[in-house]
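Being a predicted model, the structure only gives us computed values, none of them experimental. Quick note: numbers below take in every heavy atom, side chains included, and nothing from hydrogens, waters or symmetry partners. Residue numbers begin at 1 in each chain, while the letters A, B, ... track the order of the sequences.
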2 protein chains.
Amino acid sequence: MTVETAKKRIIESGLKFTHQRMVVYNALQVSADHPTAESVYEKVKEANPSISLGTIYKTLENFVRAGILKKFTDDVGVMRFDPMLETHSHLYFTDTQEIKDYKDPGLVLLLKKYFEENQIDNFEVEELSLVIKGKTK
Amino acid sequence: MTVETAKKRIIESGLKFTHQRMVVYNALQVSADHPTAESVYEKVKEANPSISLGTIYKTLENFVRAGILKKFTDDVGVMRFDPMLETHSHLYFTDTQEIKDYKDPGLVLLLKKYFEENQIDNFEVEELSLVIKGKTK
DNA sequence: TGTCAGCTAATAATCATTCCTATTTGAGAA
DNA sequence: TTCTCAAATAGGAATGATTATTAGCTGACA
Ligand SMILES: [Mn+2]
Ligand SMILES: [Mn+2]
Ligand SMILES: [Zn+2]
Ligand SMILES: [Zn+2]
């Protein structure tokens with residue numbers, strides 16, 4: 001079932017279906033955190049020892065271009081890949097280094113409304129993202 | 001005058017005053033953009049050809065630790081140094097690659113208030129920063 | 001069954017940043 | 001003023017993440 005879903009998703013995004021793409025796809029769907037290319041590599045390599053790190057990078061990049069994943073650069077400059085496509089913010093845990101999703105439609109609306117009412121001179125807002133740093137309470 | 005101000009600022013931050021520190025300090029005070037270590041190096045090297053890139057990095061880092069500068073990682077993962085110490089946001093110009101300051105106390109209050117009223121489960125917010133991407137209108 | 005465009009593995013190259021170390025500098029002690 | 005020593009610097013090597021290159025492989029399709 002997971003295999004079929006993955007296959008379907010990959011093919012309908014316009015990419016050819018391959019074993020490597022499937023395992024990378026699945027690794028991301030089950031990940032709660034926001035894995036780096038390196039951590040996807042480590043995970044995938046367990047069952048697929050011959051896969052190369054370059055393929056991981058290229059596959060992730062292809063998925064981003066195809067709209068299957070998003071990517072962002074974390075606060076130390078490392079690329080993170082994110083299977084959640086809807087607009088959301090990230091919580092940076094300064095104690096554990098985790099990055100968790102924070103989805104809040106109310107906040108999105110609030111910000112959108114704010115910038116509609118308070119235009120910035122000579123600037124057209126295209127994308128807003130809030131970086132939230134803090135720690136476990 | 002600039003020299004004396006720089007000297008004063010560096011010494012009162014607890015650092016020894018050196019020529020290298022002065023020129024790096026001044027390069028940042030006059031910069032409108034948010035320079036990288038490399039761009040500070042290029043600028044400073046004109047009048048100080050023997051300064052080394054390692055010294056630029058170390059000096060900038062010392063200034064950050066001393067509270068004279070702030071630093072952040074831009075959207076492609078490169079370190080940026082910022083002489084504006086007060087809380088503010090950054091406008092990322094997707095067309096020109098510029099990063100400009102956007103200071104808006106109203107927005108800061110709005111966000112602060114929002115997160116006081118809408119607590120996040122098991123998370124204590126320490127720092128909020130809004131990344132604003134867009135282009136010249 | 002043969003072809004060919006697209007994939008992949010392996011490895012080299014790049015880029016930003018940090019580390020290392022021999023040498024220099026300069027503030028304070030004598 | 002001269003001496004001394006910790007701190008600072010220059011220059012280059014090392015590191016880590018990412019991208020580029022390329023030769024060989026694979027699988028859909030004629
Ligand atoms: Mn790095
Ligand atoms: Mn990098
Ligand atoms: Zn996310
Ligand atoms: Zn700024």
Indicate every side-chain donor-acceptor pair of residues 130-137 of chain A with a distance under 3.5 Å to a residue at least two apart or in another chain.
{"unit_1": "A:Lys135", "atom_1": "NZ", "unit_2": "B:Glu126", "atom_2": "OE2", "d": "3.0"}
{"unit_1": "A:Thr136", "atom_1": "OG1", "unit_2": "A:Asp95", "atom_2": "OD2", "d": "3.3"}
{"unit_1": "A:Lys137", "atom_1": "NZ", "unit_2": "B:Gln119", "atom_2": "OE1", "d": "3.1"}

Round to the nearest Å and state the distance from [X] atom [atom1] to [N] atom [atom2].
X	N	atom1	atom2	answer
A:Asp75	C:dT17	CG	P	14 Å
A:Met22	D:dT26	CE	P	17 Å
A:Asp74	D:dG16	CG	P	16 Å
A:Ile10	D:dG27	CD1	P	15 Å
A:Glu61	D:dT19	CD	C1'	10 Å
B:Asn48	D:dA8	CG	P	18 Å
A:Tyr41	D:dA17	OH	C1'	14 Å

| task | Linking directly or through intermediates, with side-chain heavy atoms under 4.5 Å: list the remaining ILVMFWY members grouped with A:Val30, chain and number order. | result |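 ILVMFWY cluster around A:Val30 holds nothing else.
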| Does B:Phe63 have its ring centroid less than 6.0 Å away from the ring centroid of B:Phe81? |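 Between B:Phe81 and B:Phe63, which both carry aromatic rings, the centre distance is not below 6.0 Å.
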| message | For A:Tyr57 and A:Tyr41, I'd like to know if the aromatic rings sit close, meaning centre-to-centre distance below 6.0 Å. | response |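 Ring centroids of A:Tyr57 and A:Tyr41 are no less than 6.0 Å from each other.
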| Contact state string [nucleotides 2-12 of chain C, B base, S sugar-phosphate only, - no protein heavy atom under 4.0 Å] | ----SSBBS--
| Stretch residues 30-37 of chain A: residues that reach within less than 4.0 Å of DNA chain D through a heavy atom |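 Hits under 4.0 Å, by residue number: none.
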Show which side-chain atoms of residues 9-20 of chain B pair as donor or acceptor with protein atoms under 3.5 Å away, not counting sequence neighbours.
{"unit_1": "B:Ser13", "atom_1": "OG", "unit_2": "B:Ile10", "atom_2": "O", "d": "2.7"}
{"unit_1": "B:Thr18", "atom_1": "OG1", "unit_2": "B:Arg21", "atom_2": "N", "d": "3.1"}
{"unit_1": "B:His19", "atom_1": "NE2", "unit_2": "B:Asn48", "atom_2": "OD1", "d": "2.7"}

Kindly list each side-chain donor-acceptor pair under 3.5 angstrom involving residues 106-115 of chain B, sequence neighbours excluded, with atom names and distances?
{"unit_1": "B:Tyr114", "atom_1": "OH", "unit_2": "A:Asp104", "atom_2": "OD1", "d": "3.0"}
{"unit_1": "B:Tyr114", "atom_1": "OH", "unit_2": "A:Asp104", "atom_2": "OD2", "d": "2.7"}
{"unit_1": "B:Tyr114", "atom_1": "OH", "unit_2": "A:Leu107", "atom_2": "N", "d": "3.3"}

| said: If you compare every side-chain N and O of A:Tyr57 against the phosphate oxygens of D:dT18 (OP1, OP2), does one of them come in below 4.0 Å? | reply: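 It does, given that an N or O in the side chain of A:Tyr57 lies less than 4.0 Å from OP1 or OP2 of D:dT18.
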| field | Within one Ile-Leu-Val-Met-Phe-Trp-Tyr cluster: A:Leu28 and A:Met84, side-chain cutoff 4.5 Å | value |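 No, separate clusters.
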| field | A:Arg80 side, atom CZ; A:Leu60 side, atom CG - distance, nearest 0.5 Å | value |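 Separation between the atoms: 12.5 Å.
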